[in-house]
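Reviewing the structure listed below.
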Amino acid sequence: MHKPIKYAEKVVTVAANGAWTIFDKLNQIRPNPSFTPKWSDKPLLKSYEKSKPPLGWPRETDSLCPKCIPEIRKEILDGKRDYTILLKEKVGEIKAKVIERDGKILMVKDCPVHGHFEDVMAVDTAFFKHLEDVFPGRDIRAHNDEKLHHHGSSTIQHGRGSVLTIDLTNRCNMMCDPCFMDANQVGFVHELSWEEIKTMLDNAISIKPRRQMSVQFSGGEPTLSPYFLDAIRYSRQVGYNSVQAATNGIEFAKSSEFAKKAAEAGLRYAYLQFDGIGNAANSHRKVGNLFDVKLQAIENLHNAGVEIVPVTTILNGINNEQVGRIVEFALDNPRKISFCSFQPVSFTGRDEAISDERRHAQRYTLSHLAQDLKSQLGLGEPARDWFPISFMSTFSDWADLVHGPQHEWGQLSCGCHPNCGVGLAIMIDKQTKERAPVTSFLNAERLAKDVARVNDAARGKFLSVVGVALSLLRNYDPFKAPTHFKLMDLLAKFDKCFGATGHNYGKVSGDRTMADIEKRRKDRWNFLFVAGMWFQDLFNYDFRRTEQCIIPYATQEGEISFCAYNTGVGWRNIVEKMHMTATLTKWYEERGRHEIFAGNHDVPLPEVKHHLVLNQEAVAADVQHDLDKLGIAKTAREEKIRERNEKLRKEAEHDARMMKLYREVVLKEKVDAGFVPLNGIAGLKPAAPAKAAEEREEVGSFGD
């Protein structure tokens, strides 16, 4: 039975609907022109001025050949071609089509040299269409960026980006499959100097529109860099209020003191590698107690004042059954987890040469994510509750409007292509743990259209706030919201996100204190955002996505799209080799070997003590066996071992046939049909060699 307050709120929403109708009609009379803010040399865009890439299907786009690109990249790395060819010519580029077939969305393309390629983009056409239908358009075109955006077809053209990524080092203390950067395997160290780090951060604030970016320090493992803490401090000094680290959590788990130092330096978010619940779900990382490491890292970081974002690389048949378990983990621990990030696998780095069989079996899309969460946890209607993360840019535009022309920074704006990233918002009562998708009680599509009309009218702060408040009220259904959730909670949550009224919810600026952190955490309601970010690989590459990338990499050669850097033409390989710090041998001679955890060895922890709620059934669950049943390799290493053994088997069979022929024809002997040489087939033994080979390869890569 609904509480009386819910009926009172329903009356308010009905009244707000009528008031909105009047307000909107008056507000559209002689709208104001957009102002040019301090953080941009171009005016704010009205909704109808925003450009969009070609959407819908069938459509044509520009892509890359999965075979041509590795060949060209190798020639550049071998010195046979100059890297500037990438700036002047469309090397390896081919046309691609996005089509529908058998209820799926596919990308199909043909290379005149290497033939036909195709891959799945979505397994739910309604979901895919919904994402593209609600895409609000691109951000202000990037300007004042000529020195940093100059990468041929891969050049970023729209917006400023949301997360500036800086790889402090390519060294890592783990040996993972998959690894998009092939850490510890490239034969050299690429590690930024302190001057390079400062230069990249200084350069980043020169590009306009100058939005309030997050800065994420990554790697390799960024905590291995001697400048990790200094880089965090400097980021806060130059104006970034959201400083992040993409980390496996080992150093934070080993030392609570290190977590405190990072928080004191200004670390706000830890993007924590998190593959699933239980050590079995993390076993493919080859660290015996990795789940315990994650739990201790969460405990130490949270106690220090750092917010934790579990980040999961998802592969079909490997760990996709963990989607529901991970979100359940966040729902069970709403005071410590307010964001989950899922990253469907990008077949690059060690997996770029993947077989078609394994690629098709392991391919995982954003539509898979939405379906898995619904089937595993009963949460979210794919075509109702999931939105492209760029959907939020309409609300960012509103914040820019109410902050006024003199604001130093623009609002964070996630203006990426709708095929890049998606999100589902869940409101959770921290006390009762009751939860509901926000879009089940808030009409998000109509709200966004209302807000766009407020933005287009371009009134002052007061009228803009009134308009959006009326829209929030009219689009809210109190009967579908959590039991104790009230209208004032909705308005406060919106204000807390966008800082429209100036109310102090706890500072997030560079001078924030632990008291500010605790103040923000006292909020009864946790706005859990479940995000999916699907990075491209050579099989589904689309330059329309690259052009509006929101996660640029800062490098010595400018700022490069995430996908162009890690996949695409592979700028990472080129830039890191151009600016190599030292060969691995020389680095070890001068500085010694860093600690690497592999071979199923445990990370030594002083203690495993946490207060997290765990589903013990999920913790005890075995690894996923889908691919075992199909007889498909799980990793690049396993695939190589199988290929090697298959090659040896074929060579042995050939040798056996030749020996049989020799004895029959030359020696005139009568040979039985089942003849096998005495030394077996090329020395192969039945079961042990594959395991032995895997162990040899693992040991050989340990610290190489």
Side-chain angles (χ1 to χ4, degrees), residues 6-37 42-52 130 132-140 384 387-388 390-405 407 410-411 413 415 425 438-481 486-503:
K6 295 288 186 181
Y7 292 95
E9 289 181 340
K10 187 63 179 179
V11 172
V12 173
T13 64
V14 172
N17 188 53
W20 162 263
T21 302
I22 298 170
F23 172 87
D24 182 53
K25 286 182 178 178
L26 295 174
N27 203 38
Q28 298 310 309
I29 300 172
R30 299 177 64 184
N32 291 331
S34 298
F35 60 76
T36 300
K42 297 184 178 183
L44 300 180
L45 293 172
K46 293 183 183 291
S47 64
Y48 50 82
E49 294 174 330
K50 293 190 172 189
S51 65
K52 295 183 180 182
H130 165 68
E132 297 195 343
D133 284 348
V134 299
F135 173 60
R138 296 160 167 149
D139 194 10
I140 298 170
R384 183 198 71 182
F387 286 80
S390 48
F391 181 76
M392 293 302 295
S393 63
T394 297
F395 303 95
S396 299
D397 294 341
W398 175 77
D400 289 334
L401 180 65
V402 299
H403 290 159
H407 211 62
Q411 183 73 18
S413 182
V438 172
T439 42
S440 68
F441 60 84
L442 188 67
N443 188 335
E445 286 191 52
R446 193 172 71 166
L447 173 63
K449 291 175 181 176
D450 291 351
V451 174
R453 290 179 68 81
V454 172
N455 296 343
D456 291 345
R459 305 300 178 191
K461 179 176 180 177
F462 177 76
L463 286 178
S464 297
V465 170
V466 168
V468 168
L470 286 174
S471 179
L472 279 167
L473 296 178
R474 89 182 190 108
N475 285 292
Y476 172 66
D477 186 340
F479 296 129
K480 293 181 180 178
K486 299 184 291 294
L487 262 177
M488 292 307 297
D489 295 321
L490 175 67
L491 295 172
K493 269 294 181 186
F494 195 85
D495 188 33
K496 186 177 180 181
C497 286
F498 297 101
T501 67
H503 180 82

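These figures come from a predicted structure and were not determined experimentally.
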Legend entry - For the student: nearest non-hydrogen atoms of S47 and A452, plus distance: CB-CB, 4.1 Å
Legend entry - Sub-4.5 Å side-chain heavy-atom contact between L447 and F395: yes
Legend entry - Aromatic ring pairing F494/W398, orientation class (parallel under 30°, perpendicular over 60°, tilted between): tilted
Inset, instruction - Say whether, by atom type as modelled, one donor and one acceptor occur between the side chain of K6 and the main chain of F479 under 3.5 angstrom. - result: no
Legend entry - Closest non-hydrogen atom pair, A448 against F391: CB-CZ, 3.4 Å
Legend entry - Ion pair K486/D489, N-O distance below 4.0 Å: yes
Inset, instruction - Taking all non-hydrogen atoms of both residues into account, name the closest pair between P136 and S393 and its distance. - result: CG-OG, 3.3 Å
Inset, instruction - Taking side chain to side chain contact (heavy atoms under 4.5 Å, CB included) as the test, write out the residues that go with R459, two or more places apart. - result: N27, N32, A457, L463, S464
Inset, instruction - Work out which heavy atom in P43 is nearest to a heavy atom in I140; give both atom names and the distance. - result: O-CD1, 3.9 Å
Inset, instruction - Using salt bridge (charged side-chain N to carboxylate O under 4.0 Å, His left out) as the criterion, point out the one residue from K50, R138, R453 that pairs with D397. - result: K50
Inset, instruction - State whether the number of non-hydrogen atoms from other residues, nucleotides or ligands found under 6.0 Å of F462 atom CZ is greater than 12. - result: no
Legend entry - Residues D24, R474: salt bridge by 4.0 Å N-O rule: no
Legend entry - NZ/K42: more than 12 non-hydrogen atoms of other groups inside 6.0 Å: yes
Inset, instruction - Indicate the atoms forming the closest heavy-atom contact of A399 with Q411, along with that distance. - result: CB-OE1, 3.7 Å
Legend entry - Test item: K52 side-chain N/O and F135 main-chain N/O as donor-acceptor pair under 3.5 Å: yes
Inset, instruction - Evaluate the ring planes of H403 and H407, with Trp represented by its six-membered ring, and classify them as parallel (under 30°), tilted (30 to 60°) or perpendicular (over 60°). - result: parallel
Legend entry - Side chain N455, main chain L401, donor-acceptor under 3.5 Å: no
Legend entry - Nearest heavy-atom neighbours spanning E9 and L487: OE2-N, 2.8 Å
